[in-house]
Amino acid sequence: MAEETNPMKDIEEKWKKYWEEEGIYKFNQKTRKKIYSVDTPPPTVSGRMHIGHAFSYSQSDFIVRFKRMMGNEVFYPFGTDDNGLPTERLVEKSKGVHAKDMPRKEFIKLCMEFLKEEIPKFIQDWKNIGISCDWNMKYSTIDDNSRKVAQWSFLDLYKKNRMYRKDAPAMWCPECRTGVAQVEVQDKEIDSFFNDILFKTGKEDLKIATTRPELLPACVAVFYHPEDKRYKKYQGKKAKVPLMDFEVPILEDKRVDMKKGTGIVMCCTFGDQTDMEWQKAYNLPIKIAISENGEMLPIAGKYKGMKIKEARKEIIKDLKEAGLLTNQTPIKHFVNVHERCGTEIEFVKSKQWFVKYLDLKEDLLKWGAELNWHPLFMKNRYDNWVKGLQWDWLISNQRYFGVPFPVWYCEKCGEVILAKESQLPVDPIKDKPPVSKCPKCKSEKIIPETDILNTWFTSSMSPKLAVENVKDEETKKKLFPMSLRPQAHEIISFWLFNTVVKSRLHFKKNPWKDVAISGFVTMKGEKMSKSKGNVISPQEVMEKFGADALRYWAASSKLGEDFDYQEKDLVTGKKLITKLINASRFIFMNLKDYKGEKPKKLEATDELFLNELNKLIEGVTEDFENYEYSLAKQKVDQFFWRDFCDNYLEIVKKRVYNGKGNEKISAQYALYNSLLTILKLFAPIIPFITEEIYQNNFKTFEKTKSIHICEWPKYQKKKKIDENEWNLMLEVISKIRQEKSNAKKPMNAQIILTITKEDNSSLKLFLEDLKSVANASEIKEGSFNVKFVE
RNA sequence: GGUCCAUUAGUCUAUCGGCUAGAACACCUCGUUUACACCGAGGAAGGAGAGGUUCGACUCCUCUAUGGACCACCA
């Protein structure tokens, strides 16, 4: 790429400013119009907008802009998700601090200050790509209103018996020191060893294969499969746990895989889910070897205080020395890790709050089916997720920066004391509980809950969060359920699912009518990710090609389809913009004396062309209605290049240069209106350049403040025109050009044209224009022939 | 292991069962014509494999192969 300057930059700046100042996308609360409302998932504040955001948010914006031009009052707020663990990690990283090393208050203050500074920069990227939100309807999932809504949600669910607190094993991240929900856990393949370890039994030694020797101190039993003949003889016997000073029973259970390892497995409390099932089923003792910090507990004897990996190393060393380690097989296997930090998940017994929903699986499937999915196959993701749910929703995090639980406890009897609704938003650490004594035991010792609500608990309220900014009660009612939820497919199990859950539990209604799911941007077929190092920054793309080109690129792929990033697609977008500028320049050069009048009678060719345009409107409107913006784009694109620039403009060129009276006015009228229509049809996709051309040329006639609030072109049912005439015209022109090209003559070479009797009669109304575009001195009748005039 | 999506020119993508398969980029040939060389005209180039349904299949079904994603399991 030779040239790096982007002429669109100033244009983009100018209109961005204009749109905000003029409130072009402002939501009118007193509206009488039909409302189209959009619940955009607030992006997590974590660095900068990535290309996937640009892709997905652009796609929603196409639809929104179309709906706005169609005459809907659009409610399109924008939020940022900026609380909880992700924000904490970002702050820790950017500021080089650790939350655990500083007072809670100070860390929270630091987070708030950081956000105040970062959020405007973060949001700027969305403004830069031309997202047509009402930026006055901005919310943050940590602002007072969001705290209030989240805490209200907690209280409401509590009252509906959907909230419970349990001291039980839960998934736990030793790095972040917090409980984690099923949705926050990911797979990661790691290198490990199968260690064959000897357990003494009094008879032959038992060889047990394990990847986690550090859990030996928590071993409570060993299992074999009931049909495994090798081990039948051990039934009812005991085995001595190596290095440890205790014995465990040898039991049989069907859940053992005979083919895996040595066919014998050790069961350690909380080793994994099966271990927990066994603990319950056989009423085994509970032994906890790992602390919440990921350190070995006193039960581990000499390994106490060591980190998990350190302990593993030491134990292996000691086993080797004692001759109890017979073999080590290197393996690769998948483990569960915390998605925020990549640390392996442990099961730790701790007190956590849960939303009860496992009992609702069937309802959840039903509710999901009530949404209009675009595309439909994405519903499978939702169903799949619901069917695979194994835990209730863990919503408490043992962290600092987030929405506090509106809860205190009686220290003596443990009674839960809820905040009053009128108190919200509340911080139990700072604020007083609504009662001075425990209502149950009358103790005066009341302590606050120090955990915070997981960030999804708040962001799943997004349809409510922004609506609170609307004051008009009548309008507010119309904003729920929302019309559309646009989002990418990887967060179906997060936001979409959680939001449906919340909405149904609180209001017994789905949060939205339609959902539109975007695909991924891929790089040579693979998902882009930082770890793979194949990330493209949208900021750089915009710098080079401009926002419209980026959006044009995002419009190339259908909803739900992954799209492979290739720079050439941006080049195509940029070219289109240039072409639009040039075509407009040409047209308005020839419209200087045009006052907007209608011709007395449209010339036949102009009428024919406008009829084609009319058909285009019909198709494009239908495509946008179906959320098929990529088909719409393709149609307008093709029409603009082929029908309009390459043919129609060439056909009428001379008529507007040299024509007189009605024949000229007819062409001018057609040019004015077709360009305006094309711009409008392009406007949802490339808002900047269409606005630029509109403002510079059309606004004096059209009056509307911005093309983006102009009326969408209407399809008009017209009297029948033979539709094949236009195509026939193009066909004949193409054949003439082919002849010229074959003869290596310039396109304006003068010719004598002969066309068939049939064509001649079909095109009889257009012969003058045909002569003009072909530069034919005369048109004869006969078999097709192009004769060059020297 | 379960589920879903994909497989069309060199590349990326389009196509309600009628296809002579349509664009774009790259490639080749030609053309500076008073909007545009970031252009125009023309050209070469394509349906993963095997079955089936059908008058007719790129399109629908089954299987295979390859790629991708989501979910689950993982001693």
Side-chain angles (χ1 to χ4, degrees), chain A residues 1-3 7 182-183 185-187 189 192 194-197 208-213 215 222-223 255-257 260-268 271-275 331-336 375 377-390 489-490 492-493 519-520 522 524-527 556-558 560-590 630-631 633-635 637-638 641-642 645-646 649-650 653-654 657 733-734 736-749 775:
Chain A
M1 292 294 126
E3 94 287 23
Q182 188 178 341
V183 74
V185 173
Q186 278 181 344
D187 279 358
E189 190 173 34
S192 185
F194 248 143
N195 303 287
D196 292 348
I197 297 174
I208 291 180
T210 181
T211 54
R212 303 209 52 192
L215 288 177
V222 299
F223 283 93
R255 277 165 277 201
V256 178
D257 182 350
K260 200 153 187 175
T262 58
I264 296 210
V265 54
M266 66 173 189
C267 167
C268 309
D272 62 31
Q273 287 211 33
T274 321
D275 287 357
I331 54 159
K332 273 182 188 292
H333 71 155
F334 284 93
V335 294
N336 284 333
F377 68 79
M378 282 295 176
K379 181 176 162 293
N380 292 314
R381 303 272 177 113
Y382 175 95
D383 292 350
N384 223 358
W385 173 253
V386 172
K387 286 176 194 158
L389 280 175
Q390 300 198 40
H489 61 69
E490 86 272 23
I492 289 176
S493 49
F520 273 141
T522 57
K524 299 197 171 93
E526 285 191 341
K527 186 175 161 179
S556 311
S557 145
K558 292 199 286 191
E561 293 292 320
D562 291 350
F563 188 48
D564 214 57
Y565 179 85
Q566 292 209 116
E567 194 169 282
K568 69 180 181 63
D569 295 319
L570 276 306
V571 175
T572 312
K574 207 175 161 191
K575 275 181 166 175
L576 168 70
I577 291 157
T578 310
K579 189 83 173 173
L580 276 168
I581 294 170
N582 285 321
S584 307
R585 186 197 300 157
F586 166 73
I587 287 165
F588 281 94
M589 262 165 49
N590 291 295
S630 66
L631 286 181
K633 182 204 90 162
Q634 201 185 307
K635 278 178 191 157
D637 219 15
Q638 158 142 2
W641 283 91
R642 198 196 72 166
C645 292
D646 296 346
L649 289 188
E650 294 300 327
K653 233 174 195 175
K654 286 179 192 155
Y657 289 154
I733 293 171
S734 172
I736 298 164
R737 285 170 170 167
Q738 198 167 341
E739 289 299 321
K740 289 186 175 177
S741 201
N742 287 345
K744 306 195 172 179
K745 297 271 188 186
M747 283 302 125
N748 67 346
N775 197 21

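Chain letters run A, B, ... following the sequence lines, proteins first, then strands; residues in each count from 1.
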| Could one point to a donor on the side chain of A:Asp257 or the base of B:rC74 with an acceptor on the other under 3.5 Å away? |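 Answer is no: no donor-acceptor pair is held.
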If you look at every strand shown and take non-hydrogen atoms under 4.0 Å, does [X] touch a base, only sugar-phosphate, or nothing?
X        : answer
A:Ser630 : nothing
A:Lys653 : base
A:Gln273 : sugar-phosphate
A:Cys645 : base
A:Asn384 : base

Closer than 4.0 Å, any side-chain N/O of [X] to the OP1 or OP2 of [N]?
X        : N      : answer
A:Ser493 : B:rC70 : no
A:Lys575 : B:rC25 : yes
A:Gln186 : B:rC70 : no
A:Ser556 : B:rC12 : no

What distance, rounded to whole Å, do you find between the two [atom1] atoms, one in [N] and one in [M]?
N      : M      : atom1 : result
B:rA26 : B:rC38 : P     : 12 Å
B:rU7  : B:rU59 : P     : 11 Å
B:rC58 : B:rG17 : P     : 13 Å
B:rU8  : B:rA57 : C1'   : 14 Å

| Evaluation steps, side chain to side chain donor-acceptor pair (under 3.5 Å), between A:Asn195 and A:Thr210 | CA-CA 5 Å; A:Asn195 303 287; A:Thr210 181; over 6 Å; no
| Secondary-structure stems, RNA chain B, at least 3 Watson-Crick or G-U base pairs under 3.5 Å |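 Only these stems qualify: B:1-7 with B:65-71, B:27-31 with B:39-43, B:48-52 with B:60-64.
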| Using 4.0 Å as the upper bound for N to carboxylate O, is an ion pair formed by A:Asp383 and A:Lys387? |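 Salt bridge between A:Lys387 and A:Asp383, a charged N being under 4.0 Å from a carboxylate O: no.
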| Side-chain (A:Lys740) to main-chain (A:Ala749) donor-acceptor, under 3.5 angstrom |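 Judged by distance alone, yes, a pair lies under 3.5 Å.
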| field | Proximal nucleotide (of B:rA41, B:rA72, B:rG22) relative to the A:Ser741 side chain | value |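 Given the options B:rA41, B:rA72, B:rG22, the side chain of A:Ser741 is closest to B:rA41.
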